[in-house]
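Inspection log for the structure reproduced underneath, given as structure tokens.
None of the values given here were measured: they were computed from a predicted structure. In listed order, ligands and their atoms are each counted from 1. Along the sequence shown, residues are numbered consecutively beginning with 1.
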Amino acid sequence: MLFKKLVDVFEKVEATTKRLEMTDILVSLLKETPHDIIDKVVYLSLGEIYPPFIGLELGLAEKLAVKALALATGVKEKLILEELKKTGDLGQTGENILSRRKARPSLFREELTVERVYSTLEKICKASGKGAQELKIRYLAGLLANAEPKEAKYLLRIAQGRLRLGIADMTILDALAIAFCGSKEYRDVIERAYNLSSDIGLVARTVAEGGLEAVKRFRITIGRPIKPQLAERLSTIEEILEKMGGECYAEYKYDGLRIQAHVSPEKVYLFSRRQENLTEQFPDVVEAVREAVKAKEAILDGECVPVDPHTGELLPFQVVAHRRGRKYDVEKMVEEVPVVYFVFDLLYVDGEDLTLKPYTERRERLSGVVTETSRVKLAEYIVSGDAAEIEKFFHKAVQEGAEGLLCKSPKSLYEAGKRGWAWIKWKRSYRSEMVDTVDLVVVGAFAGKGKRAGTYGALLMAAYNHEDDTFETVCKLGSGFTDEELARLPEMFKPYLRDTPHPRVKTIMKADFWFTPAVVLEVIGDEITLSPMHTCGMNAIRPGSGLAIRFPRLVRFRSDKGPEDATTVKEIVEMYNRQLKKVE
Ligand code: AMP
């Protein structure tokens, strides 16, 4: 398949402002793609070459990409850099330079195929050690020398890990359902396969080659992370018990890092909540899991929490956040920030998929598979239907450094990748108005004035609408930033800049800058009010009105969360309703 075809699709996707149109474009692409390379086409459309858990990402340094462009075109690096200053995007710069160059006679050019582009990018990704930089430059230059201007634009962006077309996984799943099962209504079946494997390329290939039946037969495998189940929230234990049918598992809600551990005789893998491979960063956890698990193969779900090595007390999450993304100094960190892995679920054991078994059974099997040690412990819990008893347990949890409780329905199955009422969190802060924080996505910004000239005055924040897969605005955020953070904002958001609102963003407000939804911030406000200016929950409470967060302030940057992990519109509507109840 010619790379040109994919580039045409990228151009169309960039030009569209409607999500449905984006799906249609992808459906035709998938239908025309040969089945044996459909996985590669899907990864490339997302700007990747592997699923996230492989831990190999494209991210060629700009400096090297500039050198590759110079080598391929014969244009001096200095001139390329000058052009780059003007465009701010090396992809665009590459396209401009190639269009100005006299076209090379096609006799000397080999048209690029998707296969060749993919395998060369793979080589760029894998090159390491001495001479790797030189090799990477040469590989990319080889592609650029044969590229048309538009192809060069996307090659340069992909190689740098900056494609950012804003195509969501859900849009691809929709497109797969339409292309290979005939209707969007089959997305749920395909989505389940995706939630069990986190590998969208594999899912695409399976459905393209074997249709719906093959997707239904999809199995869990060690080494491919399962998407984690997520929790809803409520503010009183009575409401929680009602939802749970009278009784629940009330567990400590540890404030750490969600980690899914996969154990096989050969290897232990650790995955984050977003399916990144954390194995190398937590060798101590790998060792501890190996020691604690008494099964040949198992998949555990749990939370990694830092502990004070001197007192054994639980420490705040921020401490363990430092250990993510560190490739070096791992040994030092292991000593300085020891962690305990609190496990609360068993998803798979020795060939048996437990995700379709009730929680009671999974918890029971878990205590048979894990032998507690000083570094691996079973999450504390009680099973109760007595509100007073649960409240007492809640205070104990908070006193011991947990955030609150996570209540789980005894009969519930493991709903991979889903946020539902089977798990409900109850945190300390839910007890008064909006003292609870929300995680919101940055979708735009307003230019700063006066002291803030040159940076942003406020960011336009949105909640995630899971049903429509869109982002709906809920407030303008301008407080809580340090001067340093404020100054850094324009640079930080540069890669996400766009001329118009992203097709997945629903907005009435007109911002000065628009961004591809990517960055998540934790925000706190005073209360939630009705507002005709924001689209979050539009018409849900009152016709013509959405919901807004009053006096929002930044709590922290949440680089561990993706835009689809943000607080949902549904949650905000519920928070508003609960607030009302309190006033009444
Ligand atoms: P939140 O991030 O506020 O939506 O809360 C859900 C998160 O709480 C999960 O993703 C886990 O990382 C964490 N957590 C802590 N303790 C537990 C527990 N006992 N069961 C499930 N999740 C837990």
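Using cut-offs of 30° and 60° for the angle between ring planes, the W426 and F394 rings count as tilted.
Taking every heavy atom of R419 and a limit of under 4.0 angstrom, the matching atoms of ligand 1 come to 4 (O). Residue Y252 approaches ligand 1 through these ligand atoms, each under 4.0 Å from one of its heavy atoms: 16 (N), 17 (C), 18 (C), 19 (N). The ligand atoms of ligand 1 that sit less than 4.0 angstrom from a heavy atom of R273 are 2 (O), 10 (O). In the vicinity of E303, heavy-atom distances shorter than 4.0 Å reach the ligand 1 atoms 11 (C), 12 (O), 13 (C), 14 (N), 15 (C). Listed by atom number, the atoms of ligand 1 under 4.0 Å from E251 heavy atoms are 18 (C), 19 (N), 20 (N).
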Test log, rule salt bridge (Lys or Arg N to Asp or Glu O under 4.0 Å), inputs D469 and R504
CA-CA 7 Å; D469 188 31; R504 292 169 70 207; 2.7 Å; yes
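Remark: F342 pairs with Y254 by the ring pair (Phe, Tyr, Trp, His ring centres under 6.0 Å) rule, at least two apart or across chains.
The shell of residues lying under 4.0 angstrom from ligand 1, judged by heavy atoms, includes K427. Using a 4.0 Å cutoff on heavy atoms, K561 counts as a contact of ligand 1. By the 4.0 Å heavy-atom criterion, K408 is counted among the residues contacting ligand 1. Ligand 1 is never approached by Y381 to a heavy-atom distance shorter than 4.0 Å.
Heavy-atom neighbours of R542 CZ from other residues, nucleotides or ligands within 6.0 Å: at or below the threshold of 12. Residue-environment remark: CD (E364) stays at or below the threshold of 12 foreign heavy atoms within 6.0 Å. Enclosure of atom NZ in K296 is not indicated, since only 12 or fewer non-hydrogen atoms of other residues, nucleotides or ligands lie within 6.0 angstrom.
Considering both main-chain and side-chain atoms, K425 comes within under 3.5 Å of ligand 1 through a nitrogen or oxygen pair.
Residues in residues 348-373 take part in these ring pair (Phe, Tyr, Trp, His ring centres under 6.0 Å) pairs, two or more places apart or across chains: Y249-Y359.
With a 4.0 Å heavy-atom cut-off, ligand 1 is reached by no atom of E571.
Heavy-atom minimum distance, D350 versus E297: OD1-N, 2.7 Å.
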